[in-house]
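In what follows, chains carry the letters A, B, and so on, assigned in the order in which the sequence lines appear, proteins first and then strands, with residues in each chain numbered from 1.
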Protein chains: 2
Amino acid sequence: MHLPIGISVDCTILGYEDGKMKVLLIKRDKFPEPEKWSLPGAYISEIETIENSAKRVLNELTGIQNIFLTQVGIFDEPNRYPDHRVISVLYCALIKPEQFELIAGSHAKQVSWHNLDEIKTLPFDHNKMIEHSLNWLKEEIWRKPILNSLLPDKFPLNQMKDLYQLILQAEIDNRNFRKKVISQELVERLDEKTKGGQQRPAFLYKFKE
Amino acid sequence: MHLPIGISVDCTILGYEDGKMKVLLIKRDKFPEPEKWSLPGAYISEIETIENSAKRVLNELTGIQNIFLTQVGIFDEPNRYPDHRVISVLYCALIKPEQFELIAGSHAKQVSWHNLDEIKTLPFDHNKMIEHSLNWLKEEIWRKPILNSLLPDKFPLNQMKDLYQLILQAEIDNRNFRKKVISQELVERLDEKTKGGQQRPAFLYKFKE
DNA sequence: GCAAAAGTGTTACACTTACACCCATGT
DNA sequence: ACATGGGTGTAAGTGTAACACTTTTGC
């Protein structure tokens with residue numbers, strides 16, 4: 001009835017800074033895999049929904065709160081975790097690194113952003129989890145302004161395009177991209193331009209609504 | 001660590017017969033809710049993936065085996081189940097009722113098909129589960145030949161259209177429907193027609209591949 | 001010959017894709 | 001003046017949506 005199976009949550013928190021995609025990792029302090037960097041995660045509590053557990057765990061480990069988490073998958077290989085069975089529910093969120101103060105708490109020794117393209121082998125199936133989250137993001141990216149969680153409030157369209165290219169891992173046609181996001185009324189142009197660049201200033205845009 | 005939280009699977013098994021959508025229910029024999037009709041489901045086992053547990057449970061309860069189950073959701077409200085907490089992973093499958101012999105086993109007193117439009121209040125959150133499965137189906141219906149699991153091997157296009165209308169709960173334009181499924185090479189026409197109808201015979205089609 | 005279901009084509013609109021040059025600024 | 005990234009329009013192709021009449025059979 002009450003099987004000896006643990007249920008945990010893990011979170012892929014993605015950010016965008018200096019033109020690179022980042023993922024938030026914690027340095028573990030306990031068994032298993034102490035001292036290793038991994039996705040923030042922990043067992044769920046008995047009285048919360050899984051999503052609320054994910055929010056709480058994320059806050060306890062990293063200090064991040066009040067963000068929107070989306071469930072993106074379940075990882076249930078019987079041997080994915082050492083010692084005993086743990087089924088993990090994976091959540092993903094996109095945030096602007098500069099808007100959150102990182103506070104390592106609970107069983108995290110450190111918290112920090114890591115460049116996505118430099119991620120090495122992580123414990124358990126966390127590499128698979130990141131890959132899974134990125135695939136989820138690729139599919140969701142055109143639906144509504146998901147990316148306003150990654151971009152600053154005001155941004156030039158080329159920055160937005162760079163981000164789409166980074167996520168989709170593909171070239172995007174400049175003119176078609178502009179037509180699309182403007183005609184779909186995803187973004188609107190402000191009466192303001194970039195300053196201090198080495199070249200022609202660009203109009204700034206913001207997400208609608 | 002090993003929290004007293006149960007993990008179960010439930011299955012929405014859908015069929016199509018006599019122009020109606022059907023769902024497979026079992027009559028429960030044990031606590032909780034004995035004697036009530038509900039979706040087939042049970043606790044997962046410690047050594048199987050969740051999906052394999054679902055297949056095993058379905059077979060034990062209904063006799064159905066060798067079918068393709070898709071995970072469509074997780075139901076995790078802390079009080080969805082009486083007495084103690086159980087998180088349930090929901091699977092869905094589409095099958096042809098006439099191709100499976102139903103055998104009530106394990107803790108099922110009976111198994112039988114029920115018309116979807118006559119389903120009353122079921123125990124726990126099983127009504128929500130069915131609704132969730134139907135929404136999933138609405139989204140998946142145009143992707144690949146999902147419905148070849150519901151239709152006979154050979155069928156007239158109008159029957160296929162009726163089924164789409166039933167699932168989507170919407171009118172479909174006859175000509176556009178035919179154009180679409182033929183141009184997408186979903187189906188191909190056979191050199192065979194319906195017989196014994198009261199009207200003009202219709203060409204039979206089959207799913208490609 | 002008539003009732004009933006089967007079958008068929010065209011046009012308008014929306015969306016996507018491909019493609020190349022001029023513009024505004026800082027140095 | 002020139003290097004650098006910013007910015008723009010058009011045409012072809014593809015998919016979707018709306019719409020009404022003729023055909024074939026059983027009775």
Could you list the protein-to-nucleotides 17-21 of chain D atom pairs, N/O on both sides, closer than 3.5 Å?
residue : atom : partner : partner atom : Å
D:dA17  : N7   : B:N176  : ND2          : 3.4
D:dA17  : N6   : B:K179  : NZ           : 3.3
D:dA18  : N7   : B:N176  : ND2          : 2.9
D:dA18  : N6   : B:N176  : OD1          : 3.0
D:dA18  : N6   : B:K179  : NZ           : 3.3
D:dC19  : N3   : B:R175  : NH2          : 3.3
D:dC19  : N4   : B:D173  : OD1          : 3.4
D:dA20  : N1   : B:R175  : NH1          : 3.3

Check your understanding: Under 3.5 Å, is there a donor-acceptor pair between the B:N52 and B:R56 side chains?
Key -> no
Revision key, fill the gap. Heavy-atom closest pair (A:M129 atom, A:L90 atom, distance to 0.1 Å) is O-CD2, 3.5 Å
Exercise for review: Determine the interplanar angle of the B:W142 and B:Y164 rings, folded into 0 to 90°, and report it as parallel if under 30°, tilted if 30 to 60°, perpendicular if over 60°.
Suggested key: tilted
Study note, to complete from the structure: dist A:H114:NE2 -> A:L122:CG (nearest 0.5 Å) comes out at 9.0 Å
Point to revise | Presence of B:N158 side-chain N/O under 4.0 Å of C:dA5 phosphate oxygens OP1/OP2 | key: no
Review point. Taking the inter-plane angle between the rings of B:Y43 and B:Y81 on a 0 to 90° scale, is it parallel (under 30°), tilted (30 to 60°) or perpendicular (over 60°)?
Key: perpendicular
Check your understanding: Within 45° of the axis and under 6.0 Å from the centre of the six-membered ring of A:F75, does NZ or CZ of A:R80 qualify?
Key -> no
Check your understanding: Which residues, if any, of residues 182-195 of chain B bring a heavy atom under 4.0 Å of DNA chain D?
Key -> none
Review point. Expressed in angstrom and rounded to an integer, what is the separation of A:I172 atom CD1 from C:dT16 atom P?
Key: 13 Å
Check your understanding: Going by atom types only, do B:N158 and B:K161 share a side-chain donor-acceptor pair under 3.5 Å?
Key -> no
Review point. How about A:K154: does its NZ atom have over 12 heavy atoms from other parts shown lying under 6.0 Å from it?
Key: no
Exercise for review: Take atom CD of A:E139 as the centre, draw a 6.0 Å sphere, and report whether it contains more than 12 heavy atoms from other residues, nucleotides or ligands.
Suggested key: no
Exercise for review: Report the distance from atom CZ of B:F177 to atom P of C:dA6, rounded to the nearest whole Å.
Suggested key: 12 Å
Point to revise | Interatomic distance where CD belongs to A:Q159 and C1' belongs to D:dG6 [whole Å] | key: 14 Å
**Study point:** Distance in Å, B:D125 CG paired with B:E131 CD, rounded so as to fall on 0.5 Å steps
**Key:** 11.5 Å
Exercise for review: Round to a whole Å and report the spacing from CE of B:M160 to P of C:dA6.
Suggested key: 15 Å
Revision key, fill the gap. Rounded to whole Å, the NZ-C1' distance (B:K161 to C:dA5) equals 10 Å
Study note, to complete from the structure: Distance col, row A:L94:CG vs A:M21:CE, nearest 0.5 angstrom, shows 6.5 Å
**Study point:** Residues in contact with DNA chain D, drawn from residues 198-208 of chain A - heavy-atom cutoff 4.0 Å
**Key:** A:Q199, A:R200, A:P201, A:A202, A:F203
Practice item. Using whole Å, report how far CH2 of B:W142 lies from P of D:dG15. Key: 15 Å
